Amino acid sequence: MNELTHVDEAAISGQPKMSPAVEPKIVARKVQVFYGENHAIKDVDVDIPANSVMSFIGPSGCGKSTFLRCLNRMNDTIDVCRVEGKIEIDHEDIYDAKVDPVQLRAKVGMVFQKPNPFPKSIFENVAYGPRIHGLARTKTDMEEIVVTALQKAGLFAEVKDRLDAPGTGLSGGQQQRLCIARAIAVSPEVILMDEPCSALDPIATAKVEELIDELRENYTIVIVTHSMQQAARVSQRTAFFHLGLLVEEGPTDNIFTNPHDKRTQDYITGRFG
Amino acid sequence: MNELTHVDEAAISGQPKMSPAVEPKIVARKVQVFYGENHAIKDVDVDIPANSVMSFIGPSGCGKSTFLRCLNRMNDTIDVCRVEGKIEIDHEDIYDAKVDPVQLRAKVGMVFQKPNPFPKSIFENVAYGPRIHGLARTKTDMEEIVVTALQKAGLFAEVKDRLDAPGTGLSGGQQQRLCIARAIAVSPEVILMDEPCSALDPIATAKVEELIDELRENYTIVIVTHSMQQAARVSQRTAFFHLGLLVEEGPTDNIFTNPHDKRTQDYITGRFG
Amino acid sequence: MSLSVILLVLLALAAVGYVLGRSRALGSAGGDMQKLHSLPSYYGWNAALMVLIPSLLVLVAWLIVQPIVIHNQVASMISEASIEKSSLDLVMSDVKRVADGLDTAVEAGAMTADQAGSIRTEFTDVRDRLGDVGVALGSDVNSETLRAAQRYRELAGTGALLRLIVVVGFGIAGLAFAYLRSHRDFRARNVVERVVRWILLSAASIAILTTLGIVLSLIFNTIEFFRVYPAADFFFGLTWSPSFGGGSELGIVPLIWATLYISFIALAVAVPIGLFAAIYLSEYAGPHVRSFAKPLLEVLAGIPTIVYGLFALLTVGPLLVDAFGQGGLFGVDWMQGASSVLTAGFVMGIMLIPFVSSLSDDIINAVPQAMRDGSLGLGATHSETVKQVILPAALPGIVGAILLAASRAIGETMIVVLGAGAAARLSLNPLEAMTTVTAKIVSQLTGDADFASPEALVAFALGMTLFVVTLLLNIAALYIVRKYREQYE
Amino acid sequence: AEARDQIQIAGSSTVLPYASIVAEAFGENTDFPTPVVESGGSSAGLKKFCTGVGENTIDIANASRKIKDKEVKTCAENGVADIIEVRIGYDGIVFASDINGPSFSFTPADWYKALSAKVVVDGKIVDNPYKTWKDVNPDFPAQPIMAFVPGTKHGTREVFEEKVIVAGCEATGDIEAYKEAAGGDGKAAEKECMALRTDGLSVDIDGDYTETLARIDSNKDGIGVFGLAFYENNTDKLQVATMSGVTPSTETIASGEYPVSRPLFFYIKKAHIGVIPGLKEYAEFFVSDEIAGPSGPLAQYGLVADPELAQTQEAVTAETTMGN
Amino acid sequence: MTDATLRSPISEPARKKSSLLAVDALTKKRNRAEARFKAYGVSAVVIGLLFLVALLWAILSNGLGAFSQTFIQVPVRLDRTAIEAAEKSVVKTSKYRAIINTGFRAALSKAGIDTDMDDRGLQKMMSSGAAATLREFVLANPDQIGRTVTFDFVASSRVDGYLKGRVKREDLVHDKNLDAAHLDLVDQMRKADIVTKTFNWEFVLGTDASDSRPEQAGMGASMVGSFFMMLVVLLLSLPIGVAASIYLEEFAPQNWFTDLIEVNISNLAAVPSIVFGILGLAVFIQFAHLPQSAPLVGGLVLTLMTLPTIIISTRASLKAVPPSIRDAALGVGASKMQSIFHHVLPLAMPGILTGTIIGLAQALGETAPLLLIGMVGFIASNFPEGLGDGFLAPNSAMPAQIYEWAKRADPAFYERAWGGIIILLVFLMAMNILAIVLRRRFERRW
Ligand SMILES: Nc1ncnc2c1ncn2[C@@H]1O[C@H](COP(=O)(O)OP(=O)(O)OP(=O)(O)O)[C@@H](O)[C@H]1O
Ligand SMILES: Nc1ncnc2c1ncn2[C@@H]1O[C@H](COP(=O)(O)OP(=O)(O)OP(=O)(O)O)[C@@H](O)[C@H]1O
Ligand SMILES: [Mg+2]
Ligand SMILES: [Mg+2]
Ligand SMILES: O=P([O-])([O-])[O-]
């Protein structure tokens, strides 16, 4: 522990902090990710402030999802994937041997890019998380949690008559919202959302954005999005990734109005490639 | 055949044509789709003109994907799904017993909402269609087809060094583009795209839109999208679905600037729900 | 010999058909594959199938009919007197043997073909001549037999020639037909796929045919059994005690009971161990552990059951007696000898481990990673993910594996005979010796009782009853699986 | 169709060892191919034998019992009318226990009292109360009764019941009590004698003598019923008990001194003689003095040579069928 | 109903902030459950492997002895008159034994061993097959008559057992096949290098021998029988099983007929193997007139028996292939057939191969059905002469051979039965190795 803290201090102090305004919830330093030979994330340093929304933008394949998956160690499940560097949440190194990824993931929830409902009923899909974390004492508690989560995700009205139908029989956008409901039902501290609105129509998108705004008060949210409008609408800070590098990071307004880096500028003006 | 044409005429003449300007490629009349008890598409009539782009918009779960899947009979694969009514492509009833769904699907290609690459190499993913349709005589031919398709889908640059790597190891957006490449590699007459850009960043989206525009000259394209901007940018006609009904259909400009139906108006102004 | 020639000719024709069909289709499209309805190879396959299928069907029919025709022709040459002396069947087999002998002699060069057709018993000792080329005959050849044999050879020769002509003719006709049809608009793929589909259907129908065969091969003797033994006593009798002298009691109840009991114990051993092993191998173990542990466990399925039987009798049984027998570890006197339901069930369970583990492992492995990610992403532990997401998704396959293991348990003999004993008993105590339906089928079938007696015939009735009982169990299982099936994606 | 050129034999597993010895020697000593000897039991063999005549059926059935009249009838119905019966000798049935245990000299009465389901004690028919051999006969040690007897599928069981249990029943006089209870019905009384106890002290063996041996191996108190040949090959593990004072051996059985034995047979389809090459030669070879005689390899292996072998030889040579 | 009217647990988090490094009570509990679960898994595998080790230990310790064999070296003078006399008698081999005896005595006295044993006694040292070996040699090499040729005769099972430690001096008191005097002789002969113990190729490659000659019995012929049977099983059951599964899983309409087939298949799995033997006897032998005891018939019966196993496992793994893969193929215009053969089948391959491995293992070790079609017993001590013969000539199979040996009286057969099991297992592994390697290559997650 000692030795590790030691290294931390050194590593962190050795880097200029990018957003000293708020106390950062998540601190990443020199993160490298390899898929076998493929160097997918290169030397990424970023601070993610608490109780705010940060969005990751960048061209497809630049490593947004990969980096996001580092934050709750979902990359552990990919055999060929190797993560280096240091990521701290609340000053605790999440790659520390003592950290239990299970507890980490309960604290850092995730909505995946491809909707992946369980082959269970809609109700069971949402109830699953609260049940394993023991969040509901009674059946009524559980029902309340499920209904609330579905409402938050804007799905309840559409499925209230068929909570027992399989979640896999929903439309693409419905599945996505089901996955959002599933993630917020366990009320994590940090929520990672990988393109949560990509399959959603504008109205559903607006609802989810509203939800994100609401959640921000108590949670730290990281969202990957392809829509710069969305990034502008919901996030306080934005990070721009390109070819595995974090090119630029800062207050959303700055990034969009006054980017420092040529690549960022090119990207947001659509002048890329 | 005679008898069938007979019925057609009656059915079609009984309905007011909605877009008499161009010769329609696809004509749908009184289409009903049921998932078991769930009545997902109700009485949809639509003409889709040749050599143009038509977009389907509407809130999530309204039946866009379901209707799209009727057009190449992909719904045949879902046991509980039942389709009624008549759909004609080039004046031939595609639900006729004589029609070979395989030939139909070769003619009517599809990009699915959830990217579903084969667990094979990237090259094989794209080469598969051309191979079964005998589109390439030699290995070089095949390579050319694959490379061209990947280039058109805007993926080639990113994967050219790892054409032998599995397609499932790509990022979400890359997988989506791979599926687009796979669909256009067999050069169908009609291309159905279910939210092809939902996982794509603006630049990739722009490329795909460019591709759609280019393809329009020779192909008929139907695209499901959540982005009204995208619908406005790429399509000549737009159809708005709501709760399984086709509420309104017409030239894209009209729909967005001067919708007849209250529901359409509400939807495009974001005043829904 | 000529049969393989025909087959070779047909194969060659099929190959030619493939090439011709393909090239003609391509030609009709001006060499442009895209103008064809189907891939060129489908036209080739179409032609090949058109050559093979009709001609092979004709060949099979010919193979069945020709011997009958020849047999009848030759049989008419045999005099009443010789039939009187033995039987037509035997005389005919003698004829065939002599004919074969002549063939062999010609082949070996001991006779010319002419000689073989013209020798007479009056001038030649045929038995001797044939003996010289290593053809043993049971007795001297009389002139009638020899003439019949020569006629037989003649007919067989003509038949073979005709057969060649007709079968190859069909092949050529099929080839021509397919060739003419190989045109760019011809839906070759659909035709080929339809044929393949028929092939698939006929493969599936083999199960029905097998069942039919089993029922037919059991039913007559079963009926015979019920004619000599009252059905009610058989189905409801609580005692099983056959005896040679007659007066056997042949109640099936104790046997069915023990069958279910032993199978249950076997599954109680195999399912937890097998399932946990499968989960461990597919979810936790690294590729190295997996790649050696899985095949090793599969060896358990390949060890002959007699070894398991001896293992039960000599190792497991005595251990159990040490524990539960008189003056044993637990000081209880529940077990008399090494043989018991528990002994057999336990050892059978070991044998069944790979049935559960290997099949389940494959199924669990096939559950998409996205399911695991979804669950792990919610903060579930690996075991929670397995229990609540993966196993339900893999359930149909796992149930299939368990059913297979159960089936195997019901059908097992050797382990029961050695591990559970041979005496039928109706008891709840798993430490007592009992025996199963299958074991009794084997013992009554291979026993010494008069084969027309109820003691021997009962084997068929037992087989039939077991068949019906398992059929009912399977229908129930099918129903349950249908009800709880979960489909991912 | 190719003609069959080797003799096909099926039937009793008791006869199998002898048949295999003869078949092997026949193949070695003649120009005929070695016959195929299937096992599967007397009943199954006779059943196959009686399916009909012709190449597709077997030529010889081995049996450890005489063919039954009903079977002869079925045979005849299927065209197997002329059957030559050949008795090859006798199978001695012996009682043996673990070599390191005490030795026994039994009488049939001891076995009856030890194994019968019911016995007569003080004039009353009661469930068998005996638990040790000493209870049965005070001369015996107090070893728990544990008998491994042939299962009901075995022909040996019939012999055991008739020549040991019923004989013992008669010797003790218990049969009279049963007869009385059954109202004078002798058949019923015999049945009563033969019913073996089901409390686990008498264990049926449906398998072979190797199984019986293995069971004695795992339970040293056990006493098993074996074939003489099997015992003679396993004298390192087993000690044999005398019956009524006679030690079983090929000599004592042949002379009739030792009472428990059964004849072994094989049956030939006469119709196949002259058709299947070597069939008659095989039969003659089998019963020749050099093979089946008292100093031949069969006796060497444990078969009790038939004192009337000469008659059998004659019958075979003359192709005398049953009933003639 | 609007969302705002509902109390939301999200605005007041149910879990208080906690350190990741300190594991909370619930997580501890869940982790313990996790550890337990994993431990169950490990112990399941370990238990399975322990049983395997125990069984293999039993097999090896009992069976390895069968792989060595004692031979006695005897120079035999092939005397013409003696041979001619022998050829005239009914049981010629018994006369040849006398010729061997003469040679044997000479060899003994040459080695300075004198014995007063009679001829019968001497014969007990050697397998009764020795005479047949000699006769065969003489018939094959008539030019050698008159010369002296040195033979390695197989020693009798008792002598062999003595050298292997199986037969003890004190056991021979009641043994009529050998007595202590013989053992003294063996000891002396060993000193004189007349007896040797070598690897027993005859056991691996040879044919069965009768009950009186365990020392001569080998697995070779039955291995060939099993080989041809397995060939039939593999060539029929794999394609038919896979084809049937594809039909049922992918093409069959959901109706009563499909259900009937489905129930039938699972029911066939529960049919005792001996019933398949009854079927084989009735259908293949009595109805179709295929020959008795033929590996072809055995193979057909075992095919029917193996089919359910392969079908059940294949269907389960076809079911496990996600529908999106099928959609993807259909979407680019592949026919259903193509989507199955190009995409679904390769993904289902591991399960199919597992079914094949288990099904073949079962078929390879099965005896009961062979009993009824005549492949158990003392069968054709000859190797098949060609391919056709391999399928049609009477032959046994490995498990039947083992089963036969296990029943025979001479304890030497017991050793051979276990040795046969070793060969069977080696055969099994050789047979499966390809499937196991293939399966590893097809295994992947998506
Ligand atoms: N396989 C299925 N089984 C049962 N119901 C289904 C199935 N697929 C879709 N549905 C239902 O049919 C309705 C229409 O679904 P569809 O997928 O067409 O919606 P959509 O317009 O494509 O929505 P989205 O934009 O979210 O993809 C929805 O209510 C959905 O739940
Ligand atoms: N499982 C994997 N195995 C190998 N390479 C992978 C894997 N997942 C992603 N990659 C590669 O890593 C790089 C980054 O992928 P990532 O999924 O992080 O992109 P992304 O920014 O999320 O893109 P998108 O917006 O398209 O989802 C890509 O080049 C991708 O091909
Ligand atoms: Mg991504
Ligand atoms: Mg959709
Ligand atoms: O096999 P058997 O008929 O002799 O018991």
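Values below: every heavy atom of this structure, side chains too, minus hydrogens, waters and symmetry copies. Letters go in sequence order (proteins before strands), and every chain restarts at 1. Quantities reported herein were computed from a predicted structural model and do not represent experimental measurements.
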### Task
Give, as side chain, backbone, both or neither, the part of Val399(C) having an atom under 4.5 angstrom from any heavy atom of chain E.
neither
### Leu304(E), part contacting chain C, at a heavy-atom distance under 4.5 Å
side chain
### Query
Is chain E contacted by the side chain of Leu445(C), its backbone, both, or neither, given a heavy-atom distance below 4.5 Å?
side chain
### Side chain, backbone, both or neither of Gln286(E) within contact of chain C (heavy atoms, under 4.5 Å)
neither
### Residue pair Ala285(C) / Arg290(C): nearest heavy atoms and the distance that separates them
CB-N, 4.4 Å
### Thr354(E) versus Arg439(E), side-chain donor and acceptor atoms under 3.5 Å
yes
### Message
If I measure from the heavy atoms of chain C, does Leu268(E) come under 4.5 Å with its side chain, its backbone, both, or neither?
### Response
side chain
### Task
Go through Val283(E), Ile265(E), Leu307(E), Ile278(E) and name the one with the most non-hydrogen pairs under 4.5 angstrom from chain C.
Ile278(E)
### Task
Verify the distance criterion only: is there a donor paired with an acceptor across the side chains of Ser317(E) and Asp362(C) at less than 3.5 Å?
no
### Task
Decide whether Thr211(C) and Asn264(E) meet the rule of one side-chain donor and one side-chain acceptor closer than 3.5 Å.
yes
### Summary
Looking only at Ile353(C), Leu404(C), Ile410(C), most heavy-atom pairs under 4.5 Å shared with chain E are made by Leu404(C)
### Task
Answer with side chain, backbone, both or neither: which region of Phe287(E) has an atom nearer than 4.5 Å to a non-hydrogen atom of chain C?
neither
### Glu250(E) and Lys336(E): CA distance, side-chain angles, deciding distance, salt bridge (Lys or Arg N to Asp or Glu O under 4.0 Å) verdict
CA-CA 9 Å; Glu250(E) 307 284 344; Lys336(E) 192 151 185 186; 5.0 Å; no
